[in-house]
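Take this structure, written in structure tokens, and hold onto it; I'll ask about it next.
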Amino acid sequence: MTTFESITRTDIGEPAESWDRPAATTATAFEYDVAIVGLGYVGLPTALAYHGADSRVLALDTSERRLAVIRSHEADLLEIDHARLLRALDHPGFVLSTDPGELRKAAAVIVCVPTPVDEHLIPDLSILRAACAMVVDHAVAGQVLMLTSTSYVGCTDDLLVKPLMERGYTVGTDVFVAFSAERIDPGNAAFDHDEVPRVVGGATAQCEEEASKLLLRYVTKVHRVRSLAAAEMTKLLENTFRAVNIALANEFADICKALDLNIADVVDAASTKPYGYMPFLPGPGVGGHCIPCDPHYLLWQLRKQRVAAPMITQAMVEIAARPNRVVDRAQEVLSGAGSGMLGTRVLVVGIAYKPDVADLRESPALEILDGLIERGATVAFFDEHFDSVRLPSGILLTGVTDPAAFEAELVVLHTRHADAPLGWIAPHQLVLDTTYRGTDVPQRVIL
Ligand SMILES: NC(=O)c1ccc[n+]([C@@H]2O[C@H](COP(=O)([O-])OP(=O)(O)OC[C@H]3O[C@@H](n4cnc5c(N)ncnc54)[C@H](O)[C@@H]3O)[C@@H](O)[C@H]2O)c1
């Protein structure tokens, strides 16, 4: 098999039985075609996509609470996935479970568990290590094991290949190991999950082959790379590229402000260039489980190699500092209006890390709320996706349901959900627009 090539579902034909699969574990002996480990923003849509493609799915999560949320249709999903879930929950080919012992009955296992960073921005691999150890413990001959969680280069080798070899398996003959990062964009219906090409790297050529077949059950295109490490690095490049460009967009926003220019107009104008430019918009910081975390996996591993990456480091510093910049600017806006922060009523609108998801992970809004409280403001938030929120400081804040009734002296626009109109903002209210896109609020000042 040549390397660095793309193949599509139609290229692949029927699975080739080019290796000696032990009789006791032939494909027909498996009860499930695929097991998905971790049913979060990535794993649940993946499980549903496989089920939609007629695979028998074991959907495994260690959290009973998460399974209850899924069973009661309260999971934060796109419409298409809600419809798939309705069908899946009524179907014997879709099994929800917390029992890792079931993994032995699956022909393939896909790991989709979180890879966060701790408060010192150090990768927290504990969840991934535990999930991979569980998969290795229950591995049986003939299985394809695939990691999809973003991590450092060499992670699949460390957490799956080596432990499997220690258990006596020959990887590439008895079991097949691959890495293929998820590229799903929760809350974004513009790109069909199944149509987004997947990059895959295997521990051996046969692993890559088996993993490609597994992916092509529901995605239309896979791009193969030479190794597990190349596939892992591809994901780190994608997300680091985004982080660096967001940091650059933030810097340009500050430059435009100093030169009395509108950054949104400038970005729109630059976007008319059909090549060599890709628009990134500034904002109050970045959230979610990818951009604020993934580049730190790379920086962390580079420290061991004594390799410096000053541009990435600086971008991550800028990104981390952005929420505090919002708090400083809020204070500046209030001072300009002749008031201080102490006792002032400040309402943060939209606290999810991005529009149209109910996801608070790493959301800059949390740090902004804490910063405003620390400086003495009386804060509240309005976001119909959340009743209350626990801030990093430990404070539990309950959201307002009637934003006008809060009578804020300053409104901070943080995230604008599609279904959240701003008609309640009174003309006399100060508005700090951290989205740079609130042109329908004439009195706004930008970050
Ligand atoms: N959310 C995104 O936008 C996105 C996009 C692309 C890639 N990713 C990557 O995908 C991975 C998963 O992210 P996510 O957002 O889906 O996470 P998540 O926090 O939404 O969900 C993870 C789920 O895994 C479960 N879990 C934890 N340990 C487990 C174990 N040992 N066995 C079974 N289940 C377990 C948790 O209970 C939880 O339900 C991360 O590495 C992330 O970087 C995320």
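Numbering of residues begins at 1 and proceeds along the displayed sequence. First listed ligand is number 1; within each ligand, the first listed atom is number 1.
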Those atoms of ligand 1 less than 4.0 Å from some heavy atom in Ile184
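Near Ile184, the atoms of ligand 1 are 5 (C), 6 (C).
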Output yes when Asp174 and Arg167 qualify as a salt bridge under the 4.0 Å nitrogen-oxygen rule, no when they do not.
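Arg167 and Asp174: not salt-bridged.
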Shortest protein heavy-atom distance from atom 8 (N) of ligand 1, along with the residue and atom involved:
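The closest heavy atom on the protein side is Val42 CG2, 3.5 Å.
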Closest non-hydrogen protein atom to atom 21 (O) of ligand 1, residue and atom name please, with distance?
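The closest one turns out to be Gly40 CA, 3.1 Å.
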Test of understanding: given a 4.0 Å heavy-atom threshold, classify the contact between Cys112 and ligand 1 as side chain, backbone, both, or neither.
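Answer for Cys112: backbone.
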Measuring from atom 2 (C) of ligand 1, which candidate in Cys293, Pro186, Pro45, Ala75 has the nearest non-hydrogen atom?
Pro186
Leu39, portion touching ligand 1 at heavy-atom distance under 4.0 Å:
backbone
Under 3.5 Å between some N or O of ligand 1 and some N or O of Ser63?
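No.
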Arg84 with Asp81: basic N within carboxylate O range, under 4.0 Å:
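Yes, Arg84 and Asp81 are salt-bridged.
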Can you list the steps and then say if Ser97 with Asp99 is a side-chain hydrogen bond (donor to acceptor under 3.5 Å, both in side chains)?
CA-CA 6 Å; Ser97 174; Asp99 178 6; 5.2 Å; no
Mind checking whether Thr115 has an N or O less than 3.5 Å away from an N or O of ligand 1?
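Checking ligand 1 against Thr115, an N or O pair does fall under 3.5 Å apart.
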Looking only at protein heavy atoms, which one is nearest to atom 20 (O) of ligand 1, and how far off is it?
Tyr41 N, 3.0 Å
Please check this pair: side chain of Asp370 against backbone of Ser393, looking for a donor-acceptor N/O pair closer than 3.5 Å.
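Present.
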Heavy-atom pair with the smallest gap, counting every atom of Leu60 and Leu39
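Residues Leu60 and Leu39, closest heavy atoms: O-CG, 3.7 Å.
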A student checking ligand 1 against Val37 at a 4.0 Å heavy-atom cut-off should list atoms 32 (N), 33 (C)
Atoms of ligand 1 under 4.0 Å from any heavy atom of Ala131, numbered from 1 in the order shown, are 31 (N)
If the threshold is 4.0 Å, N to carboxylate O, is there a salt bridge linking Arg198 and Glu182?
yes
Between His120 and Asp118, does any side-chain donor sit less than 3.5 Å from a side-chain acceptor?
no
Salt bridge or not between Glu208 and Arg226? Use side-chain N to carboxylate O under 4.0 Å.
no
Enter the distance from Leu48:CG to Phe94:CZ here, rounded to the nearest 0.5 Å.
5.0 Å
Heavy atom of the protein closest to atom 29 (C) of ligand 1 (residue, atom name, distance)
Thr62 OG1, 3.4 Å
Counting heavy atoms not belonging to Met233, are there more than 12 under 6.0 Å from its CE?
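Check fails, neighbour count at 12 or below.
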Within a distance under 4.0 Å of any heavy atom of Arg66, pick out the atoms of ligand 1 and give their elements.
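Near Arg66, meaning under 4.0 Å from one of its heavy atoms, ligand 1 has 39 (O).
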Of all protein heavy atoms, the one nearest atom 14 (P) of ligand 1 is Arg361 NH1, 3.8 Å
The protein heavy atom nearest to atom 25 (C) of ligand 1 is Asp61 OD2, 3.2 Å
Between Glu64 and ligand 1, find which residue part has any heavy-atom pair under 4.0 Å and reply side chain, backbone, both or neither.
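Answer for Glu64: neither.
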Per-residue contact class, Ser151 against ligand 1 - non-hydrogen pairs under 4.0 Å:
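Neither part.
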With only distance considered, is Lys235 within less than 3.5 Å of ligand 1 through an N or O on each side?
no
How far is atom 28 (N) of ligand 1 from its nearest protein heavy atom, and which residue and atom name does that atom have?
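Ranking protein heavy atoms by distance from atom 28 (N) of ligand 1, first comes Ile127 CG2, 3.4 Å.
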Please could you name the atoms of ligand 1 that His289 approaches to less than 4.0 Å, counting only its heavy atoms?
43 (O)
Looking only at protein heavy atoms, which one is nearest to atom 43 (O) of ligand 1, and how far off is it?
Thr150 OG1, 3.3 Å
For the pair Asp158 and Lys162, find out whether any cationic side-chain nitrogen is under 4.0 Å from an anionic carboxylate oxygen.
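Looking at Lys162 together with Asp158, the answer is yes, because their closest N to O distance falls below 4.0 Å.
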Purely on distance, is any nitrogen or oxygen of Glu182 under 3.5 Å from one on ligand 1?
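In fact, backbone or side chain, Glu182 has no N or O that close.
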State plainly whether the residues Arg322 and Glu318 are in salt-bridge range, i.e. N to O under 4.0 Å.
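Looking at Arg322 and Glu318, the cut-off is met.
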Which residue, Thr313, Ile312, Ile319, forms the side chain to side chain contact (heavy atoms under 4.5 Å, CB included) with Pro295?
Ile312
Under 4.0 Å to a heavy atom of Met134 - the qualifying atoms of ligand 1, by number
32 (N)
Is the backbone N or O of Ala75 less than 3.5 Å from a side-chain atom of Arg66, with the two atoms forming a donor-acceptor pair by type?
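Checking the backbone N and O of Ala75 against the side chain of Arg66, no donor-acceptor pair under 3.5 Å is found.
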